[in-house]
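Quick caveat, the model's predicted, so the values are computed rather than measured. Chain identifiers are assigned alphabetically (A, B, ...) following the order of the sequence lines, protein sequences preceding nucleic acid strands; residue numbering begins at 1 within each chain.
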Amino acid sequence: MKSHVENLVHQAIADLALVASGDDSPDPQVERTRDARHGDFTTNIALRLAKPLGRKPRELAEAIIAALPASSQISHVEVAGPGFINFTLSDLASRAQIAEILERGHAYGCSELGAGKRVLLEFVSANPTGPLHVGHGRHAAYGATLGNLLSATGHEVHREYYVNDAGRQMEILAISVWIRYLQALGVEVALPSNGYRGEYVREIAETLSAAYGERFVVSKEAFETGLPADAPEGDKETYVDAVVSQARQLLGEDDFREVFDQGLDAVLDDIRDDLESFGVSFDRWYSERSLTTQGTIDAALQRLRARERLYVNEGATWFRASDYGDEKDRVVIRENGVKTYFASDIAYHHEKRGRGYDLLLDVLGADHHGYIARVRAGLEAMGEPGDCLEVRLVQFVTLYRGGEKAQMSTRSGEFVTLRQLREEVGNDAARLFYVMRSNDQHLDFDLELAKSSSNDNPVYYIQYAHARVCSVMHQLEERGWHWDQAAGLAALELLVEPQPQALMRTLARYPEVIELAAVNRAPQTLVFYLRELANDFHTWYNAQPFLVDDAGLRNARLSLCVAARQVICSGLTLLGVSAPERM
RNA sequence: GCCCCGGUAGCUCAGGGGAUAGAGCAUCCGCCUCCUAAGCGGAGGGUCGCAGGUUCGAAUCCUGCCCGGGGCACCA
């Protein structure tokens, strides 16, 4: 509908030959009005053309209106304010929208905006060193909803979780598991102060001993021989690294890998299960380790070397990131020969491009912002366009219980897990609360509010509108009536009161909301819209009975009801929130 | 010091060049013999952090400053 109005304006301007030659012709810029008194759509074209043409805005607006082609969709056009041109849609147009909603169902609101565009959406990608916490939950909800919005607007979306299954943190998890295992079998060794001390580590250790018996047991003496002091006397980093190499030594590389993988698989299974239960799924879990085994990292470094973007300094190999807008050059191979995380990351991103994706869309924590410039630099240095990488940062989450901060118990150092949150407030509330705020806004997540079944809670408010329609349809059957869709659509002109009119107007806006939310990567736009839609419905519900004796009027009202239910359901589905039939 | 995000109603936040700046909660006043009151209507409440600038027009764009959060590794 919006594009229809745009076309009309465009034609009028062309007919008037208003666009000064050589000038950059301003787009029509047609927008929804904020105020119903200004009609449905407005354009500021006359205001913007007034100066270059040296004419008065209002006079210009009149001329444009006179040149507008006739349209059955538009009932009224007028000049308003300083020179806006306001369009009011005809009743025919809004009635046609209702028919379209009923016809297209879940497809209503979908578009081909992103047709042909292949997007690789990477999100969550939390290190598999422990269960997901509430911060990851926000990433999951935001990323999943973004994926849905992009799909709905015609993009081809591939969802990927990058699994950090290599590296030091994972080694620390491995030795933490091993030590819990030893402890369980009576070897009294201590967990490093830097080790992972969550309960899940003990559980993995139990599985380990159940599966392997005493195969990995060593004596306390052998374990402690030659180890430096842990904190507070010694350095905790040095200590934990020493324990890792001790483990490698005592167990041998194969057995160490066995313990390591046991920890990795257990945590990863837990994460997969957690996300799956949260309605968040991925097309691929991409192993970081595979970058090494497949030679992807070496290939990427070779490519950089061939392009003379690497140099050696003080034993380390550096990438000339500063040539590509980064603050400084970055190390890709350390003095000790180990490739940095950055090396695998640019290799990974380059590999994504190799798989044919136009856009690499990363959802990262706000603390990763310093990272964007260097990954982009890496891509550019390998010959990729810098704008093929888009990063959306997600700010932190703070939990509240009522007015009190409930973040984490600092003593155990354990964060509240996503699973605990889901169990406490439910998936629906969690999904909606997570995306209710702009991603670059800190999120205060109030557990009490999310749990309350009251009108304070936006989840119930929106779902309730859906359930109410279902309930009405139920009542209809009980009274021995049936909804005749065709008759209802034919009688829509009977819905002249302001409440159903407002509802129709809001329903017609849905496709634009989806586009806006997708383009701006802003799911909260959809949440706010659904709240407004639910409000329009509740208002109407309170103002008029639907199940009236007059069959024509009844069918008309029910048609609008069902259309509203459809859009609420579609919107909630995109958000990953259920649309219950009764509450 | 440099970089990113935020500062809008008492609180939590939308809006991110246009018309009288919005919503929810909180406060106050109303509405169930009627399809779910998990609902609806109304009222009060704002120098859009501060100061300049660009523009016909700035909460929105630019510059500077103030306040809050985060980031600036041969860690992952």
Side-chain angles (χ1 to χ4, degrees), chain A residues 29 31 33-35 37-38 42 44 47-48 50-51 56-57 80-84 86 127 129 164 166-172 237 288 313-318 327-328 330-342 344-345 365-373 391 393-396 398 400 403 436-446 449 452-465 467-476 478-479 499 520 522 524-525 527-529 531-532 534-535 537-548 557-558 561 582-583:
Chain A
Q29 281 201 356
E31 288 172 359
T33 56
R34 295 172 110 185
D35 190 328
R37 280 171 302 181
H38 298 137
T42 187
N44 60 3
L47 288 161
R48 309 209 313 148
K51 190 155 196 183
K56 290 180 182 165
F84 293 105
N86 292 341
N127 283 350
T129 52
N164 291 117
R168 183 165 172 266
Q169 291 309 313
M170 289 307 298
E171 290 173 339
I172 295 175
E237 305 293 346
E288 182 193 358
N313 185 29
E314 292 179 5
T317 305
W318 297 70
E327 313 176 321
K328 50 180 277 197
R330 307 289 173 177
V331 170
V332 286
I333 306 174
R334 287 194 268 160
E335 199 179 355
N336 63 10
V338 177
K339 282 149 200 139
T340 61
Y341 180 81
F342 171 58
S344 47
D345 221 70
D367 53 339
H368 280 69
H369 109 85
Y371 210 68
I372 304 169
V391 179
L393 298 176
V394 175
Q395 297 287 337
F396 297 148
T398 311
Y400 283 84
M436 206 163 52
R437 302 281 175 250
S438 159
N439 58 292
D440 45 30
Q441 187 85 235
H442 288 244
L443 176 66
D444 289 328
F445 194 121
D446 190 332
L449 179 61
S452 72
S453 354
S454 74
N455 51 356
D456 318 2
N457 191 334
V459 184
Y460 289 97
Y461 185 83
I462 298 166
Q463 288 181 326
Y464 185 42
R468 265 186 157 173
V469 178
C470 294
S471 174
V472 168
M473 297 311 280
H474 222 77
Q475 285 282 326
L476 180 78
E478 279 179 14
R479 295 187 195 185
Q499 296 89 348
N520 294 335
Q524 79 275 9
T525 309
V527 178
F528 277 82
Y529 167 82
R531 217 212 168 269
E532 202 181 322
N535 180 43
F537 176 78
H538 289 310
T539 301
W540 182 36
Y541 181 97
N542 274 275
Q544 289 183 333
F546 305 152
L547 301 177
V548 292
R557 287 182 177 165
L558 290 176
C561 273
R582 63 184 69 227
M583 294 171 72

Validation row: A:V332, A:K339 side chains within 4.5 angstrom (heavy atoms)
no
Nearest 0.5 Å, please: how far is CD1 in A:I172 from CD in A:E237?
7.0 Å
Report each atom pair, protein N/O against N/O of nucleotides 27-34 of chain B, whose distance is under 3.5 angstrom.
none

Of the options B:rC35, B:rG70, B:rC74, whose atoms approach the side-chain atoms of A:H369 most closely?
B:rG70
Can you name the residues that form a side chain to side chain contact (heavy atoms under 4.5 Å, CB included) with A:R437, not counting sequence neighbours?
A:R138, A:L443
Treating primed atoms plus P, OP1 and OP2 as sugar-phosphate and everything else as base, which nucleotides of nucleotides 12-19 of chain B get B, S or - for protein heavy atoms under 4.0 Å?
BSSS--BB
Counting neighbours of CZ on A:R582 that are heavy atoms of other residues, nucleotides or ligands and sit closer than 6.0 Å, is the number greater than 12?
no
From the set B:rA76, B:rC35, B:rC40, return the single nucleotide nearest to any side-chain atom of A:V472.
B:rC35
Checking B:rA76, B:rA37, B:rA38 against the side chain of A:M583 (C-beta onward), the nearest is B:rA38
Whether the A:E288 and A:N164 side chains hold a donor-acceptor pair (N or O, under 3.5 Å, no angle test) is what I'd like checked.
yes
OP1, OP2 of B:rA76 versus side-chain N and O of A:T340: anything below 4.0 Å?
no
If you check every side-chain atom of A:A316, which of B:rC74, B:rC40, B:rA76 has the closest atom?
B:rC74
Interatomic distance where NE2 belongs to A:H368 and P belongs to B:rC72 [whole Å]:
9 Å
A:E314 meets the side chain to side chain contact (heavy atoms under 4.5 Å, CB included) criterion, sequence neighbours left out, with none
Take atom CG of A:L393 and atom C1' of B:rG70, then tell me their distance rounded to the nearest Å.
10 Å
Have a look at A:A467 and say if it touches a base, only the backbone sugar-phosphate, or nothing, with a 4.0 Å heavy-atom cut-off.
base
Atom CG of A:D367 to atom C1' of B:rG71: distance rounded to whole Å?
8 Å
Taking atom C1' of B:rG70 as reference, at what distance in whole Å does atom OH of A:Y371 sit?
17 Å
Aromatic ring pairing A:F396/A:H442, orientation class (parallel under 30°, perpendicular over 60°, tilted between):
perpendicular
Side chain to side chain donor-acceptor pair (under 3.5 Å) between A:S438 and A:D440: does it pass, once the steps are laid out?
CA-CA 5 Å; A:S438 159; A:D440 45 30; 2.7 Å; yes
Grab the CZ-C1' distance between A:F396 and B:rC4 for me, whole Å please.
12 Å
According to a strict under-4.0 Å criterion, is A:N336 in side-chain N/O contact with OP1 or OP2 of B:rC74?
no
For A:D345 and B:rA73, give me the distance from atom CG to atom P, rounded to whole Å.
17 Å
Of the candidate nucleotides B:rA38, B:rC4, B:rC35, which contains the atom at the shortest distance from the side chain of A:Y541?
B:rC35
On the 0 to 90° scale, with breaks at 30° and 60°, tag the A:H538-A:Y461 ring pair as parallel, tilted or perpendicular.
perpendicular
So, using ring pair (Phe, Tyr, Trp, His ring centres under 6.0 Å) as the criterion, who are the partners of A:F445 when residues are at least two apart?
A:F433, A:Y434
Contact summary for A:M436 and A:F528, nearest pair of heavy atoms:
O-CE1, 3.6 Å
The glycosidic conformation of B:rC32, counting syn as within 90° of 0 and anti otherwise, is syn
When the distance from CG of A:D446 to P of B:rA26 is rounded to whole Å, what number comes out?
12 Å
Within 45° cone of A:Y541 ring axis and under 6.0 Å: A:R468 NZ or CZ:
yes
Starting at CD of A:Q395 and ending at C1' of B:rG7, how long is that distance when rounded to a whole Å?
13 Å
Choose from B:rG24, B:rC3, B:rA73 the nucleotide whose nearest atom is closest to any side-chain atom of A:R531.
B:rG24
Is any N or O donor-acceptor pair between the side chain of A:H538 and the base of B:rC40 shorter than 3.5 Å?
no
What dot-bracket string describes RNA chain B from 5' to 3', counting Watson-Crick and G-U wobble pairs whose defining distances are under 3.5 Å, with [ ] for crossing pairs and | for pairs to another strand?
((((((((.[[[[.)..(...]]]].(((((.......))))).....[[[[[..)....]]]]])))))))....
